[in-house]
Asks: 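Shown below is the structure under consideration.
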Amino acid sequence: MAADPAPTATRDTDLDALLREVQRAARPAAARGHVADYIPALGELDPESFALAAVGMDGTVHGVGDLDEPFPVQSISKVFALTLAMQLVGQSGSVAERLWRRVGREPSGDPFNSLVQLERERGIPRNPMINSGALVVDDVLLSACEDPYAALRGLLSEVVGEPVAVDETVRRDEARTGYRNRALANLMRSFDNIDHEIDAVLDLYVFQCSLQLTTRQLARAVRFLANNGVDPATGTRILSPTLSRRVAAIMLTCGTYDAAGDFAYSVGLPCKSGVAGSICSLVPHEMGLAAWSPPLEPSGNSAAGKAALHELAERLELSIF
Ligand code: GLU
């Protein structure tokens, strides 16, 4: 059997130069993808945009491309909504158990907004990283949190280190056109898996999807998950080590829709993607990563973003496997 190729770089490599090489190698993959336009404002994203950032535990930023261009985080907000729910329900027996009776922890093998599985599985979403699962998490937040809007925005601002904004155009457009999400919420309510009014759950969900970050901020924001739950910038504990591992595990197995197996195979790191073309990832104990390029593969993941994370992980041997 042929030996595996040696990594072409080491941790001591000039990371900025390496990221430029990765950009050159990965960017053409964008031509295979299409910018999401089912939310009209997303259709206006520039298909040529590209950014890749790596932020170390000491805050050192390495990056290339449109690092400071904001985009709506979309599905990546599901990581932070789950983090908030985990903070609130913690590991405390019955409340946590109730959360995990309402949403599973298995990959879906179906598109992120699929209704089919929900009908077959009696309104219990496969995991919190697909839309139905995120709607259940939001339903939990509406019960557990006095002001879940402020709490979510506050958590994100805390780990980013500065206040985050909301893209009001995306928020409005998504609220107007979120027919499938409304269908998912109604279907789950028919199975008694949503407690609040559908409008209230959808409004919170659309709000979290419209929160805006840049690639630089996103790579910074995920570092607490690479650092046993502690934000390395401030030393603040966001999650216990156990819960932090669990969120990262759910990202690895469920964070990239029904391409999670392929991401584990070709990147080998916990990842979460969003339909605006961003993907965040983390290297345990080392760094937060984020890639952004709007054109998506049919699975809903950024084509060039995935190629970039693959290249980087290969060249630096970052896979956790
Ligand atoms: N707001 C998007 C939706 O609900 C999120 C999906 C995503 O980013 O994957 O369709």
Side-chain angles (χ1 to χ4, degrees), residues 33-45 49 70-82 103 107-118 125-139 149 152 156 166-188 194 198-213 215 218 221-222 250-251 254-260 262-263 271-281 290-303 305-306:
H34 296 283
V35 176
D37 57 6
Y38 71 102
I39 300 168
L42 292 185
E44 283 159 29
L45 289 168
S49 296
F71 49 78
V73 287
Q74 291 292 332
S75 233
I76 288 177
S77 62
K78 291 166 183 162
V79 172
F80 299 95
L82 179 64
V103 55
S108 68
D110 265 333
F112 63 93
N113 54 7
S114 169
L115 285 144
V116 179
Q117 201 160 46
L118 263 190
R126 277 286 173 100
N127 66 68
M129 298 286 126
I130 51 175
N131 290 13
S132 49
L135 291 165
V136 170
V137 169
D138 283 344
D139 195 48
Y149 293 81
L152 260 171
L156 206 50
V166 176
D167 183 330
E168 292 294 350
T169 310
V170 168
R171 185 178 183 186
R172 237 186 350 265
D173 262 13
E174 188 164 354
R176 193 168 51 78
T177 57
Y179 306 112
R180 292 193 73 89
N181 290 330
R182 189 165 288 277
L184 290 169
N186 274 299
L187 187 54
M188 289 191 290
I194 291 287
I198 299 302
D199 282 341
V201 178
L202 285 173
D203 194 60
L204 179 58
Y205 175 73
V206 166
F207 168 80
Q208 73 174 56
C209 291
S210 315
L211 290 164
Q212 266 187 339
L213 288 184
T215 306
L218 182 56
V222 289
I250 291 172
M251 287 169 70
C254 311
T256 45
Y257 316 119
D258 52 340
D262 192 41
F263 264 78
C271 292
K272 179 73 196 98
S273 56
V275 286
S278 56
I279 309 177
C280 63
S281 185
W292 179 49
S293 164
L296 309 178
E297 292 181 336
S299 64
N301 299 296
S302 166
K306 180 182 175 192

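Hydrogens, waters and symmetry mates are skipped; everything else that's a heavy atom, side chains included, is used. Atoms within a ligand are numbered from 1 in the order they appear, just like the ligands themselves. These numbers come from a predicted model, not from an experiment.
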Asks: With atoms numbered from 1 as shown, which atoms in ligand 1 lie under 4.0 angstrom from a non-hydrogen atom of Glu174?
Replies: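 With Glu174 as reference, the close atoms of ligand 1 come out as 1 (N), 2 (C), 3 (C), 4 (O).
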Asks: Using a 4.0 Å cutoff against the non-hydrogen atoms of Asn181, which atoms of ligand 1 qualify?
Replies: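 Taking each heavy atom of Asn181 in turn, ligand 1 has 3 (C), 4 (O), 10 (O) under 4.0 Å.
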Asks: Under the side-chain contact (heavy atoms from CB on, under 4.5 Å) rule, what do Ile250 and Met129 come out as? Steps first, then yes or no, please.
Replies: CA-CA 8 Å; Ile250 291 172; Met129 298 286 126; 3.7 Å; yes
Asks: Examine the proximity of ligand 1 to Arg180 and report which part, side chain or backbone, both or neither, has a heavy atom under 4.0 Å away.
Replies: neither
Asks: Find all atoms of ligand 1 within a distance of less than 4.0 Å from any non-hydrogen atom belonging to Gln74, and give their numbers and elements.
Replies: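 Counting atoms of ligand 1 from 1, those under 4.0 Å from Gln74 are 1 (N), 2 (C), 5 (C), 8 (O).
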Asks: Considering residues at least two apart in sequence or located in another chain, which fulfil the salt bridge (charged side-chain N to carboxylate O under 4.0 Å, His left out) criterion with Arg182?
Replies: Asp199
Asks: If we set the cut-off at 4.0 Å for heavy atoms, which region of Ser75 has an atom near ligand 1: side chain, backbone, both, or neither?
Replies: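 Within the 4.0 Å criterion, Ser75 contacts ligand 1 through backbone and side-chain atoms alike.
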Asks: Does any part of the side chain of Ile279, heavy atoms only, come nearer than 4.5 Å to the side chain of Lys306, both counted from C-beta?
Replies: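 Yes, side chains in contact.
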Asks: Is Asn301 reaching over with its side chain to a backbone N or O of Thr256, donor-acceptor style, under 3.5 angstrom?
Replies: yes
Asks: Counting distance only, does the side-chain N/O of Trp292 pair as donor-acceptor with the main-chain N or O of Phe71 below 3.5 Å?
Replies: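 Side chain of Trp292 to backbone of Phe71, a donor-acceptor pair under 3.5 Å: no, none is there.
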Asks: Ligand 1 versus Val275, non-hydrogen atoms closer than 4.0 Å: side chain, backbone, both, neither?
Replies: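 Within the 4.0 Å criterion, Val275 contacts ligand 1 through backbone and side-chain atoms alike.
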Asks: In the protein, which heavy atom is nearest to atom 9 (O) of ligand 1, and how far is it?
Replies: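 Sorting protein heavy atoms by distance from atom 9 (O) of ligand 1 puts Tyr257 OH, 2.1 Å first.
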Asks: What residues form a side-chain contact (heavy atoms from CB on, under 4.5 Å) with Ser77, not counting sequence neighbours?
Replies: Val73, Gln208, Cys209
Asks: Closer than 4.0 Å to some heavy atom of Tyr38 - which atoms of ligand 1 meet that?
Replies: 2 (C), 3 (C), 6 (C), 10 (O)
Asks: Using a strict cut-off of 4.0 Å, indicate which atoms of ligand 1 neighbour a heavy atom of Tyr205.
Replies: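 Those qualifying, in numeric order: 1 (N), 2 (C), 3 (C), 4 (O), 5 (C).
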Asks: Give the numbers and elements of all ligand 1 atoms closer than 4.0 Å to a heavy atom of Asn131.
Replies: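 Heavy-atom distances to Asn131 below 4.0 Å select 3 (C), 4 (O), 6 (C), 10 (O).
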Asks: If the cut-off is 4.0 Å to any non-hydrogen atom of Gly274, which atoms of ligand 1 fall inside it?
Replies: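 What qualifies from ligand 1 is 8 (O).
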Asks: Check whether Asp167 reaches the backbone of Pro72 with its side chain - one donor and one acceptor, N or O, closer than 3.5 Å.
Replies: no
Asks: Check Ile76 against ligand 1 and report side chain, backbone, both or neither, counting heavy atoms closer than 4.0 Å.
Replies: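 Near ligand 1, Ile76 shows nothing, with every heavy atom at 4.0 Å or more.
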Asks: What atoms of ligand 1 come closer than 4.0 angstrom to any heavy atom of Cys209?
Replies: 1 (N)
Asks: Quick one: does Val206's side chain get under 4.5 Å of Arg172's, heavy atoms only?
Replies: no
Asks: Could you tell me whether the side chain of Arg171 and the main chain of Phe207 form a donor-acceptor pair under 3.5 Å?
Replies: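 No, because the side chain of Arg171 does not come within donor-acceptor range (under 3.5 Å) of the backbone of Phe207.
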